[in-house]
Amino acid sequence: KKFGKMIAYFIDEVGNLERAIDTLLWMSSHGMPADRFTYTRVISACSCKYKLQSAILVFEDMQKAGVAADIFVFTALINACARAEDLDRAMDIFLNMCTKGFAPTNEVYNALIDACDKCRNGNTASEVFEHMCEQGVPRDVFTYTSLISAMGNCGRWEDALSLFHRMVHVEGVTPNIITYSVVISACHKGSQTERALELFDEMLSRGILPNTIVYSSTISACAMSGAWKEALRLFDAMDANHVAKDRIVYNSAISACAKGRQLSKALDIFAGMKAANIEPSEYTYSSLMAACAKVGDWQVAVSLYDDMQS
RNA sequence: CAGCGCGAUAAGCAG
């Protein structure tokens with residue numbers, strides 16, 4: 001029990017995963033294996049650090065030590081696969097879990113759909129979702145958010161929108177800020193500017209205050225149809241609404257100007273970015289140079305290139 | 001010995 005607390009301490013306070021794993025393995029090799037709670041905690045910590053191999057090693061040790069696994073362990077393992085973008089292994093674990101007689105829960109299906117999303121496999125995501133519905137497992141905001149994200153990531157914006165509709169009006173699941181960010185992002189990838197803006201307004205009317213991520217998704221959606229004025233309006237609204245601007249939202253706004261052939265606006269935003277002490281990235285320079293290319297201003301492109309090198 | 005507590009799932013940028 002005390003070693004278990006020590007492992008939790010290594011993970012939560014010290015952030016030393018290696019030590020936590022060593023202690024866990026030491027415990028089982030000395031005939032006093034940790035309980036399933038501790039195993040789950042360690043597997044989850046491996047997942048957070050994208051260490052799928054370690055997660056599997058810990059799970060194998062758990063089985064060797066004769067500690068009975070439960071649905072929480074399997075959920076954490078599937079999540080580790082999702083983070084490592086290994087859908088095949090996620091499926092293996094899922095099937096293995098079913099064979100052992102565990103009925104998949106909402107969380108297990110959600111983690112599996114997330115794995116499909118991370119692996120850009122929209123078809124499998126849809127199949128898993130259908131299976132979930134057939135089994136009568138409840139769908140919640142996590143389910144729909146992951147599934148809509150998976151649709152968006154493989155260009156299926158119509159499906160993303162119809163799932164959003166089904167979520168809200170058929171299943172009565174309330175969308176949150178993350179749901180709006182994925183459905184707006186799906187519109188962005190499908191160049192559906194109008195729909196993205198409608199969703200943004202709908203979100204406001206629900207009383208959800210947009211954060212940096214939702215602004216950047218919506219600004220990117222504006223960029224796709226040359227709606228740079230709308231993009232800049234949103235970008236400026238961030239200050240009025242006291243929403244912090246990060247590098248990504250600056251990049252989104254610069255890209256919107258670039259696609260709308262507004263080089264001087266793009267340069268203004270770039271200046272603002274530097275004034276705010278935000279480091280430009282390769283995305284920043286790439287968008288700025290694209291803007292130069294659009295208007296044929298090679299001199300500014302060269303000066304940006306020099307600026308980038310220094 | 002008993003009770004209690006402790007563990008799992010989702011989002012944004014360029015060429």
Side-chain angles (χ1 to χ4, degrees), chain A residues 1 4-5 7-9 11-12 34-48 55 62 69-83 90 97 104-118 125 139-150 152-153 160 173 175-189 196 210-224 231 235 245-259 266 273 280-294 301:
Chain A
K1 201 167 178 177
K5 282 190 175 172
I7 288 171
Y9 174 76
I11 292 170
D12 299 335
D35 60 14
R36 66 204 151 96
F37 301 112
T38 305
Y39 273 101
T40 308
R41 203 193 297 271
V42 175
I43 290 170
S44 176
C46 293
S47 168
C48 287
M62 183 181 187
D70 66 4
I71 201 82
F72 284 67
V73 176
F74 287 109
T75 311
L77 273 174
I78 293 171
N79 179 242
C81 297
R83 283 223 156 91
M97 187 199 88
T105 57
N106 160 277
E107 287 89 344
V108 167
Y109 277 112
N110 291 354
L112 196 53
I113 292 171
D114 178 43
C116 299
D117 176 32
K118 300 272 190 315
R139 283 77 62 188
D140 64 6
V141 64
F142 284 74
T143 318
Y144 277 100
T145 301
S146 297
L147 184 60
I148 291 168
S149 174
N153 280 332
V173 175
N176 62 22
I177 193 162
I178 302 181
T179 318
Y180 277 101
S181 94
V182 301
V183 69
I184 290 171
S185 178
C187 293
H188 158 221
K189 286 164 192 136
N211 61 13
T212 312
I213 295 180
V214 171
Y215 272 111
S216 81
S217 307
T218 313
I219 290 168
S220 298
C222 292
M224 299 307 280
F235 188 68
K245 288 173 170 168
D246 66 4
R247 182 160 65 190
I248 294 182
V249 76
Y250 271 102
N251 291 345
S252 304
I254 290 171
S255 172
C257 294
K259 290 203 170 77
M273 187 175 184
S281 65
E282 57 185 297
Y283 285 71
T284 317
Y285 286 103
S286 174
S287 298
L288 286 167
M289 290 178 193
C292 295
K294 288 235 187 212

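Heavy-atom basis, side chains included; hydrogens, waters and symmetry copies ignored. Because the structure is predicted, anything quoted here is derived from the model rather than measured. Just so we're on the same page: letters track the sequence lines, and every chain starts at 1.
At the heavy-atom level, A/D117 lies nowhere under 4.0 Å from the strands shown. Within the 4.0 angstrom heavy-atom criterion, base atoms lie near A/D246. In this structure, A/R247 reaches neither bases nor backbone, as no heavy-atom distance under 4.0 Å exists between it and the strands shown. A/D35 comes within 4.0 angstrom of nothing in the nucleic acid, heavy atoms only. Nucleic acid contact for A/T75: base, since at least one base atom lies under 4.0 Å from a heavy atom of the residue. Using a 4.0 Å heavy-atom criterion, one finds that A/S47 contacts no nucleic acid atom at all. Using a 4.0 Å heavy-atom criterion, one finds that A/K259 contacts the sugar-phosphate atoms exclusively.
Looking at residues two or more places apart in sequence or on another chain, you find no salt bridge (charged side-chain N to carboxylate O under 4.0 Å, His left out) involving A/R247. Contacts of A/T212 classified as side-chain hydrogen bond (donor to acceptor under 3.5 Å, both in side chains), with partners at least two apart in sequence or in another chain: none. In this structure, the salt bridge (charged side-chain N to carboxylate O under 4.0 Å, His left out) partners of A/K245, at least two apart in sequence or on a different chain, are A/D239. Under the side chain to side chain contact (heavy atoms under 4.5 Å, CB included) criterion, A/T284 pairs with A/N251, A/I254, A/F270, A/M273, A/P280, A/S281, A/L288, not counting sequence neighbours.
With a cutoff of under 4.0 Å to any heavy atom of chain A, the contacted region of RNA chain B is bounded 5' to 3' by B/C6 to B/G15.
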Name the atoms and distances for all side-chain donor-acceptor pairs under 3.5 Å in residues 38-46 of chain A, with sequence neighbours left out.
unit_1: A/T38; atom_1: OG1; unit_2: A/D35; atom_2: OD1; d: 2.8
unit_1: A/Y39; atom_1: OH; unit_2: A/D61; atom_2: OD2; d: 2.8
unit_1: A/T40; atom_1: OG1; unit_2: A/R36; atom_2: O; d: 2.7

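Here A/H188 contributes atom NE2 and A/I219 contributes atom CD1; the two are 11.5 Å apart, rounded to the nearest 0.5 Å.
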